[in-house]
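This report refers to the structure that appears directly beneath it.
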Amino acid sequence: MKVAKDEQKEIGHQPVLVSEVLSALRLSPLHSEGYHPEKDCPSIPGSQAHSNQRELSFLPSPVGGYLDCTVGLGGHTEAILNAAAQNVRVIAMDRDSDALSYAKKRLTAYDNRVTFFHGSFRDILSIAENAKVTEFSGILFDLGVSSLQLDLASRGFSFQQEGPLDMRMDQTQAITAAQLVNTLREGELADIIYQYGEERSARKVASFIVRYREKEGPITETSALSDLICRAVRGKSKWTKTHPATKTFQALRIAVNDELSEIEAGMTHAASLLAVGGRLAVISFHSLEDRVVKHRFKEFAAKPGQECVSLVKKRFANLYKKPIVPTEEEVFRNPRARSAKLRVLERVA
């Protein structure tokens, strides 16, 4: 599906935590209050090269390119290209071909410095090989759903717009949200909604869905599913600020795109491609994503003998004890940034 020009104008794209990401990748100073690398950055036991916190925070960056694993509409990649030296190259990838098309148009002026690839996180190693890059100075993940996916009704991600119940980030894959909703057994559907949406009324929602499809036929539109969910959970969510369909739509999206497994695989691949002194920055938007990132970083930064087998000869450090979050000013300008969390990992040996 091509993104029409009139649809492009309607896409409200504001990349989140741009200043913080650039600082994490050592491309510009940070101007965010309450963010102090020398205080938040832990020391690494047994490492003379990083005997104190300030040295760890300002370890010289290796000379090399950057990998944006979720180029989306190109906001972070553009910021990296503007902040980096003119000879620095960025590899930009995304599993969403619509996003890649949009980013290519946006970044036309940087044509000789950015190379685009279509692929998922599982494809990171093969993409790096095809790009003839063995190590990166910085790698970025901006997880979750993009503005393009949310704002285009035809993609079926939003319960606030009428559209087909799709939710595929990669439109070449076969499984859609409609297929899950209309084919899974009630128990399987409830498990997905509870596990990936943390919806307490998961069994009731699943029951309503199954009864509806048995009586009325397949559920194929976002509005039909949203209305059904509202009827199922309206008693418990009547006075909350969150729309009743939020958690179920999130759960279906994660299941359709196998997002959590993709994140785990992607971060392992990315860590293996970091040069010494290189940094991996990951922005997450909900607790399930952040939990995976937090635990994966903990594994990467484990003591010798406890780390991931595939990274056994490499050493990493979590740079900050707590995730970096947007300032109040950014949240005011861009409400979608309110739940963003940035975690940063550095390869130290």
Side-chain angles (χ1 to χ4, degrees), residues 21 24 65-72 76-77 90-97 99-100 115-131 133-146 149 167-175 180 191-192 195-196 250-275 278-302 306-318 323 341-347:
V21 164
Y66 293 83
L67 172 63
D68 188 344
C69 300
T70 45
V71 65
H76 285 115
T77 291
V90 175
I91 305 301
M93 58 176 285
D94 207 293
R95 66 196 297 189
D96 189 328
S97 56
L100 280 174
T115 308
F116 298 92
F117 289 91
H118 178 255
S120 71
F121 296 160
R122 298 181 189 277
D123 302 320
I124 286 174
L125 293 181
S126 61
I127 286 174
E129 183 179 0
N130 289 337
V133 180
T134 57
E135 290 185 327
F136 292 95
S137 295
I139 301 176
L140 173 66
F141 288 81
D142 183 6
L143 304 176
V145 64
S146 72
Q149 293 158 347
M167 300 192 194
R168 291 174 297 171
M169 292 180 176
D170 182 350
Q171 292 181 291
T172 65
Q173 75 175 50
I175 302 298
L180 296 185
D191 287 345
I192 285 176
Q195 182 180 356
Y196 296 146
Q250 172 186 295
L252 290 171
R253 189 202 83 213
I254 291 173
V256 166
N257 298 288
D258 193 22
E259 291 180 37
L260 300 186
S261 294
E262 283 280 333
I263 293 170
E264 288 194 358
M267 284 194 298
T268 300
H269 295 332
S272 71
L273 290 171
L274 281 180
R279 290 181 174 182
L280 169 59
V282 183
I283 303 172
S284 61
F285 288 87
H286 60 75
S287 59
L288 294 178
E289 290 176 345
D290 185 58
R291 196 176 303 146
V292 172
V293 177
K294 179 180 178 179
H295 290 168
R296 209 69 174 145
F297 277 16
K298 185 177 180 180
E299 291 177 5
F300 295 158
Q306 300 176 341
E307 67 273 50
C308 296
V309 174
S310 59
L311 304 174
V312 69
K313 294 183 179 181
K314 300 177 180 180
R315 296 287 177 266
F316 301 88
N318 264 312
K341 292 181 178 180
L342 171 64
R343 295 185 185 272
V344 188
L345 185 81
E346 182 177 285
R347 182 182 170 192

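When side chains are defined from C-beta on, Phe117 does not count as touching Leu100, because their heavy atoms never get closer than 4.5 Å. Side-chain atoms of Phe297 and Met267, non-hydrogen and from C-beta on, do get closer than 4.5 Å to each other. Proximity of Ile124 to Leu67: side-chain heavy atoms (C-beta onward) are separated by under 4.5 Å at one or more points. Counting only heavy atoms from C-beta outward, the side chains of Tyr196 and Leu260 approach each other to under 4.5 Å. Looking at Thr172 and Ser97, their side chains never come closer than 4.5 Å, going by heavy atoms from C-beta outward. Contact of the Arg343 side chain with the Asn318 side chain is not registered, since no non-hydrogen atoms from C-beta on lie closer than 4.5 Å. Looking only at side-chain heavy atoms (C-beta outward), Leu274 and Phe316 come within less than 4.5 Å of each other. Here the side chains of Phe141 and Val293 are not in contact, with every heavy-atom distance at 4.5 Å or above.
In terms of heavy-atom proximity, Glu135 sits nearest to Ala275 at OE1-CB, 3.7 Å. Across His118 and Ile127, no two heavy atoms sit closer than the pair O-CD1, 4.5 Å. Scanning all heavy atoms of the two residues, the minimum distance from Ser261 to Arg122 falls at CB-NH2, 3.2 Å. Nearest heavy atoms, Phe121 versus Gly266: CB-CA, 3.6 Å.
The pair Asp123-Arg95 fails the salt-bridge criterion, with no side-chain N (NZ, NE, NH1 or NH2) lying under 4.0 Å from an Asp/Glu carboxylate O.
Panel note: side chain Asp68, backbone Ala92; no donor-acceptor pair is recorded below 3.5 Å. Although no hydrogens or angles enter the test, the distance criterion places a donor-acceptor pair under 3.5 Å between the side chain of Asn257 and the main chain of Met169. Side chain of Glu289 to backbone of Ser284: no donor-acceptor contact under 3.5 angstrom is found. Arg279 places no side-chain N or O within 3.5 Å of a backbone atom of Val344 that could act as its donor or acceptor partner.
For the atom pair Phe300 CZ and Lys314 NZ, the distance stands at 10.5 Å (nearest 0.5 Å).
Paired with His76 under the rule side-chain contact (heavy atoms from CB on, under 4.5 Å), one option of Val90, Ile283, Thr70 passes, and it is Ile283.
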| message | The test is side-chain contact (heavy atoms from CB on, under 4.5 Å); show your working for Val256 and Gln173 and say whether it passes. | response | CA-CA 9 Å; Val256 166; Gln173 75 175 50; 3.5 Å; yes
| CA sep, side-chain torsions, deciding dist, call: Lys294, Lys298, side-chain contact (heavy atoms from CB on, under 4.5 Å) | CA-CA 6 Å; Lys294 179 180 178 179; Lys298 185 177 180 180; 5.9 Å; no
